[in-house]
Amino acid sequence: MNRFAVNVSTIFTEVPFLERFQKARECGFSLVECQFPYEYPIERIRDELHQNQLSIVLINLPPGNWEKGDRGIAIFPDRTAEFQRSVEEGIRYATELNVPYIHCMAGVLPADLDRQKAKETYMRHLYDAAKEMANHSLTLLIEPINPFDMPNYFLANIHEAVSMIKEIGMANIKLQYDFYHMQRIQGNLAATFETYFEWIAHVQIADVPGRHEPGTGEIRYEYIFRHLEKCGYKGTIGLEYIPSGKSEQSFYWRTLYACH
Ligand SMILES: O=C(O)[C@H](O)C(=O)CO
Ligand SMILES: [Mg+2]
């Protein structure tokens, strides 16, 4: 199993962003993913990917103003124009960098926004974005995020996520199944993965607590990796973890669990 993609937003943070690609290569990876590439010119990222023979599998849409507390803007009825611009920007980066998956963060539900209204807006925005992305053969991902790390984040329930995907009815909207979030939200990791397998296009991993590398916490990743194989999962596995020590030394679990 060599489908691991280093998340260069959470790993190799010892060095500046653009130097992390070379580090990924030096550690034997051919795939990376990234949360928000938008501060960096496309050409510079493309050069790094090319020089280090890497492919990038995932980026997020611009999430609004992160410093001011935005964690996505898709649920807001009064931010449609800004959301559309974020979709255009995401598509621009994805097409230029050959990225197949774009994760759209929903947003944090404010006290003065009715949940039903937010849900309708979110679904309409997802539909519009997915339609636009389909023209570029891109897949839009949504991901339940745990309420401990992101209180009041709109999407914290996988059953609701799948029912919305079904209702929207766009074939290029899929799930990003992040084992770290799923463990904190509800547990029952393997069974839930199997139940929703057909909707899952991308997986991310980290252990609980601490969001560190596999083997540092309560999730039995040796079993999870076998389970992914058993279910026939052929997608990539994003290493969206915060190394417990030095990044270079955080990959020992690959030898431990014999997954290279
Ligand atoms: O936090 C996560 O798990 C998401 O995947 C992300 O990229 C935004 O924080
Ligand atoms: Mg994630």
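When a ligand or atom number is given, it counts from 1 through the structure's own listing order. We use all heavy atoms of the structure for the numbers below, so side chains are in, but hydrogens, waters and symmetry mates are not.
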Is any NZ, NE, NH1 or NH2 atom of the basic residue among Arg71 and Asp149 found under 4.0 Å from an Asp or Glu carboxylate oxygen of the other?
-> no
Electrostatic pair Glu14-Lys23, nearest N-O below 4.0 angstrom | no
Side chain to side chain donor-acceptor pair (under 3.5 Å) partners for Tyr196, two or more places apart = His159
Pairs satisfying ring pair (Phe, Tyr, Trp, His ring centres under 6.0 Å), at least one member in residues 119-138, at least two apart = Phe83-His125, Tyr122-Phe154
Would you tell me which option among Gln204, Met105, Arg71, Gln176 has the nearest heavy-atom contact to atom 8 (C) of ligand 1?
-> Met105
Taking the Mg ion (ligand 2) as the centre, how many protein N/O/S atoms fall inside a distance shorter than 2.8 Å?
-> 4
Would you mind listing which atoms of ligand 1 come within a distance below 4.0 Å of any non-hydrogen atom of Asp178?
-> 3 (O)
Return the residue, atom name and 0.1 Å-rounded distance of the protein heavy atom closest to atom 4 (C) of ligand 1.
-> Glu143 OE1, 3.0 Å
Identify, by atom number and element, the atoms of ligand 1 in contact range of His181, meaning under 4.0 Å from any of its heavy atoms.
-> 1 (O), 2 (C), 3 (O)
Evaluation steps, side-chain hydrogen bond (donor to acceptor under 3.5 Å, both in side chains), between Gln53 and Ser30 | CA-CA 7 Å; Gln53 295 167 285; Ser30 56; over 6 Å; no
protein heavy-atom neighbour closest to atom 6 (C) of ligand 1 works out as Glu240 OE2, 3.4 Å
Answer with side chain, backbone, both or neither: which part of Asn60 has a heavy atom less than 4.0 angstrom from an atom of ligand 1?
-> side chain
Which atoms of ligand 1 have any heavy atom of Gln35 under 4.0 Å away?
-> 6 (C), 7 (O)
Carefully, step by step, assess Arg92 and Glu89 under the rule salt bridge (Lys or Arg N to Asp or Glu O under 4.0 Å).
-> CA-CA 5 Å; Arg92 192 168 75 87; Glu89 186 69 338; 3.0 Å; yes
Please test Phe251 against Phe29 for ring pair (Phe, Tyr, Trp, His ring centres under 6.0 Å), starting from the C-alpha separation and ending with a verdict.
-> CA-CA 11 Å; Phe251 304 115; Phe29 293 93; 4.9 Å; yes
Euclidean distance, Leu189 CG relative to His227 NE2, rounded to 0.5 Å = 9.0 Å
Judged by non-hydrogen atoms, does Arg211 sit under 4.0 Å from ligand 1?
-> yes
Partners passing ring pair (Phe, Tyr, Trp, His ring centres under 6.0 Å) against Tyr180 (at least two apart in sequence or in another chain) = none
